[in-house]
Number of protein chains: 2
Amino acid sequence: MEIDIDIEEYTAIFKALAHPTRLTIAYNLMKKPECNVNRMSECLNIPQPTVSQHLSILKNAKVITGKRCGNQICYKVDNKKVISILSQLAK
Amino acid sequence: MEIDIDIEEYTAIFKALAHPTRLTIAYNLMKKPECNVNRMSECLNIPQPTVSQHLSILKNAKVITGKRCGNQICYKVDNKKVISILSQLAK
DNA sequence: TGACAATATTCGAATATTGTAATATTCTCA
DNA sequence: TGAGAATATTACAATATTCGAATATTGTCA
């Protein structure tokens with residue numbers, strides 16, 4: 001019964017995605033990359049610090065990355081494995 | 001920014017899979033269905049009651065189902081969405 | 001029926017996660 | 001430089017999860 005995937009790696013990914021707010025953020029970022037924090041906060045109607053905390057969890061799990069674009073920080077899903085998982089969901 | 005997937009449904013799935021033991025069980029069951037509890041307990045070297053608890057969580061999340069086969073209960077992954085997610089992992 | 005094998009449930013302590021509020025940091029640009 | 005916008009961090013109470021131990025339940029078959 002050999003296992004051919006990295007269980008710890010995927011456990012971390014699933015854990016990061018196992019929250020409605022974070023899954024929504026990640027899924028939306030996959031479909032439409034480059035979104036800043038305030039915009040997410042407004043769209044989701046969730047306080048900005050709470051959004052930042054969830055983004056931090058997603059970043060630590062290597063699900064997303066952020067880069068500064070002038071005034072703000074633009075996030076996107078930057079993980080092939082995550083993209084292939086999220087892409088499955090709408091099928 | 002319309003969302004076209006059922007966030008709650010997938011959150012429940014990811015939450016169920018977001019544990020090393022449960023992910024291992026689900027992944028193995030997908031690759032080789034029909035495994036009973038004691039066998040899992042032995043293969044994983046995890047106490048039987050603990051395995052049962054994890055199976056219960058996977059069942060509640062509709063990830064697996066179990067049916068009695070004579071003396072024992074055989075579990076398998078019985079959820080198309082979960083199968084399509086788990087199938088991605090080895091790619 | 002009764003013994004045994006297989007599986008499930010309950011409980012409690014330890015740990016982790018969550019949301020909110022308050023505050024801090026970082027960057028831009030006038 | 002300094003004000004303001006954007007983002008991040010901290011602290012804490014409430015809630016949820018985890019594991020192990022003890023025990024209970026369920027089904028089979030002699």
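Every chain is numbered from 1 and lettered A, B, ... according to where its sequence line falls, protein lines coming before strand lines.
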Once rounded to the nearest 0.5 Å, what's the spacing between atom [atom1] of [X] and atom [atom2] of [Y]?
| X | Y | atom1 | atom2 | value |
| --- | --- | --- | --- | --- |
| A:M40 | A:Q48 | CE | CD | 11.0 Å |
| B:H19 | B:L58 | NE2 | CG | 10.5 Å |
| B:L44 | B:N28 | CG | CG | 7.0 Å |
| A:H54 | A:T21 | NE2 | OG1 | 4.5 Å |

Measure [atom1]/[X] against [atom2]/[N] and give the value in whole Å, please.
| X | N | atom1 | atom2 | result |
| --- | --- | --- | --- | --- |
| B:L23 | D:dT18 | CG | C1' | 17 Å |
| A:N36 | C:dT28 | CG | P | 14 Å |
| B:M40 | C:dT7 | CE | C1' | 11 Å |
| A:H19 | D:dT17 | NE2 | P | 11 Å |
| B:L44 | D:dC19 | CG | C1' | 15 Å |
| A:L55 | C:dG19 | CG | C1' | 15 Å |
| B:L58 | C:dT7 | CG | C1' | 15 Å |

Quick one: on DNA chain C, does A:K15 or A:I46 contact a more 5' nucleotide (nearest heavy atom)?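 Nearest-nucleotide comparison on DNA chain C picks A:K15.
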
Does A:P47 or B:S56 map to a spot on DNA chain C nearer the 5' end, using the closest nucleotide for each?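 First, find each residue's nearest nucleotide; the 5'-ward one identifies B:S56.
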
Parallel, tilted or perpendicular: rings of A:F14 and B:F14 (30°, 60°):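 Answer is parallel, since the angle falls under 30°.
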
Lys/Arg N to Asp/Glu carboxylate O, A:K62 vs A:E9, below 4.0 Å: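 Not counted as a salt bridge, because no side-chain N and carboxylate O are separated by less than 4.0 Å.
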
Quick one: is [X] getting a side-chain N or O under 4.0 Å of the [N] phosphate, OP1 or OP2?
| X | N | value |
| --- | --- | --- |
| B:N38 | C:dA5 | no |
| A:R22 | C:dT18 | yes |
| B:H54 | D:dC19 | yes |
| B:Y75 | C:dA6 | no |

Of the nucleotides D:dT7, D:dG20, C:dA8, which has the atom closest to the A:V37 side chain?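 Side chain of A:V37 sits closest to D:dT7.
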
Starting the side chain at C-beta, find the nucleotide from D:dT7, C:dT7, D:dG20 nearest to B:S52.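 It is C:dT7.
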
Under 3.5 Å donor-acceptor pair, A:Q48 side-chain atoms to D:dA6 base atoms: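 No, the side chain and the base share no sub-3.5 Å donor-acceptor pair.
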
What about B:Q53, does its side chain sit under 3.5 Å from the base of D:dG20 through a donor-acceptor pair?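 Check passes, donor-acceptor contact within cut-off.
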
Step-by-step side-chain hydrogen bond (donor to acceptor under 3.5 Å, both in side chains) determination, A:S84 to A:Q88: CA-CA 7 Å; A:S84 81; A:Q88 283 293 322; over 6 Å; no

In B/S/- notation, 5' to 3', how is nucleotides 25-30 of chain D contacted by protein heavy atoms closer than 4.0 Å? --SS--

